[in-house]
Amino acid sequence: MSSSFEKFQKRRVITSYFSVVLSVFLVLFLLGTLGLFVINSKRISDNFKEDIVMTIFMKSEANDSIIKAFEEELRLASFAKDYVYVSKEKAAAQHKKVIGEDFMQFLGVNPLQNSFDVHVKADYVTNDSFKKIETRLRKNEMIADVIYDQQLVTLVNDNVKQISMWILIVSCVFAVISVLLINSSMRLSIFSNRFIIKTMQLVGATKSFIRKPFIKRSIMLGMIGAVLAVIALIGVLIYIDINFPTLEIFKDKILIGAVLLCVLLLGALIPWLSTYFATQRFLNLRTDDLY
């Protein structure tokens, strides 16, 4: 009988420990993910902005030397992140691939123009900056037209501002919820030992002596959950770096290291505080109130 009871007690303790580690892991993983997203939010938004293309069409009179000179001008331009030269032959081949027919067979000539697809740096992705760049480019007599999506530029900038604001709000809300969840798990763990706490107190043990083993255990469980969260976060970073190399997710290694260190510190700090106040509550209760 006693053996089965001991097994039941062990299972209950293991289940309690597992629930604490799992809750700490999930909460810290979520917080760490938000932290990594916040520190990389500018790079992510810049990546979206720099996907916007400004297409510069050259006049048919522009010969190879003029095109090469303009290409050098783009290479030195402060606003250009990168660019691709699209000859009219290449543009015709792309159109043929899209529409499935060779339109030049009907027209007899290639009406398309040589062009440059320019990705503008994120700092210049505003309608005002685009207009200044367009004005500057149109001064070149060999440029036939400059095209870009004005509505897309406005939409991207507006959405980036709104998303940044909501990320800040959501991060604060989840931080509070995270502390409450970990605190709740720790309180439940201490609650199951409330009679042991009171018994130790009744035989003369000091409050600090009683709290010590519970705090050590909670810190240990919290650190296990934190280490698992850090491993999971590193896995997420590696996955993003492999599948989305343009984000350069590991560029700010110091900030990433700071976030992971904060996750480890929170894994020890929050359980310590939660256990301290939980044990203090049961130490101050009367014996009759334990039931």
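Please read all numbers here as calculations on a predicted model, not as lab measurements.
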Roughly how far, to the nearest 0.5 Å, is the [atom2] atom of [Y] from the [atom1] atom of [X]?
X	Y	atom1	atom2	value
L273	I219	CG	CD1	9.0 Å
M223	L28	CE	CG	10.0 Å
L34	F29	CG	CZ	10.0 Å
T135	K131	OG1	NZ	9.0 Å
M54	I147	CE	CD1	10.5 Å
R138	I56	CZ	CD1	10.0 Å

Cationic N near anionic O, under 4.0 Å, D123 to K49: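 No, this pair does not count.
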E72/R75 salt bridge by N-O under 4.0 Å criterion: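 Result for this pair is yes, salt bridge flagged.
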Name of the residue among F116, Y83, Y85 meeting ring pair (Phe, Tyr, Trp, His ring centres under 6.0 Å) with F70: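 Only one option passes, and that is F116.
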Kindly give the heavy-atom pair with the smallest separation between [X] and [Y], and that separation in Å.
X	Y	value
I67	A62	CD1-O, 3.9 Å
L137	F79	CD2-CZ, 4.4 Å
A229	V263	CB-CG1, 4.1 Å
I52	L152	CG1-CD2, 4.0 Å
P271	G222	CG-CA, 3.9 Å
M142	I66	CG-CG2, 3.6 Å

Residues that T55 engages under side-chain contact (heavy atoms from CB on, under 4.5 Å), provided they are two or more places apart: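 side-chain contact (heavy atoms from CB on, under 4.5 Å) list for T55, sorted by chain: V53, F57, S115, D117.
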With sequence neighbours excluded, residues passing side-chain contact (heavy atoms from CB on, under 4.5 Å) with Q151: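 Counting only residues at least two positions away or on another chain, Q151 forms a side-chain contact (heavy atoms from CB on, under 4.5 Å) with D149.
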L76 atom CG: more than 12 heavy-atom contacts under 6.0 Å: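 Yes, because the 6.0 Å sphere around CG of L76 holds more than 12 heavy atoms from other groups.
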Neighbour count >12 (heavy atoms, 6.0 Å) for atom NZ, K68: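 Not buried by this count: 12 neighbours or fewer within 6.0 Å.
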Linked, directly or transitively: L261 and L233 (ILVMFWY side chains, under 4.5 Å):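 Cluster IDs for L261 and L233 differ.
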Shared hydrophobic cluster for M220 and L269 (ILVMFWY, side-chain gaps under 4.5 Å):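 M220 and L269: one cluster.
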Sidechain-backbone polar pair: [X] side chain, [Y] backbone, donor-acceptor under 3.5 Å:
X	Y	result
S129	V125	no
N243	Y239	yes
E50	A122	yes
T275	W272	no

Criterion side-chain contact (heavy atoms from CB on, under 4.5 Å) on M58 and Q113, from CA distance to verdict: CA-CA 6 Å; M58 307 299 294; Q113 297 169 303; 5.9 Å; no
N63 side chain to S65 side chain, donor-acceptor N/O pair below 3.5 angstrom: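 The criterion, which ignores hydrogens and geometry beyond distance, is satisfied for S65 and N63.
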Step-by-step side-chain contact (heavy atoms from CB on, under 4.5 Å) determination, V230 to L264: CA-CA 8 Å; V230 167; L264 290 173; 3.9 Å; yes
Derivation of the side-chain contact (heavy atoms from CB on, under 4.5 Å) call for V86 and N114: CA-CA 6 Å; V86 182; N114 297 319; over 6 Å; no
Worked check of side-chain contact (heavy atoms from CB on, under 4.5 Å) between I238 and F250: CA-CA 9 Å; I238 293 172; F250 283 109; 4.1 Å; yes
is_close_aromatic(F130, Y124), centroid dist under 6.0 Å: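 No, they do not, as the ring centres are separated by 6.0 Å or more.
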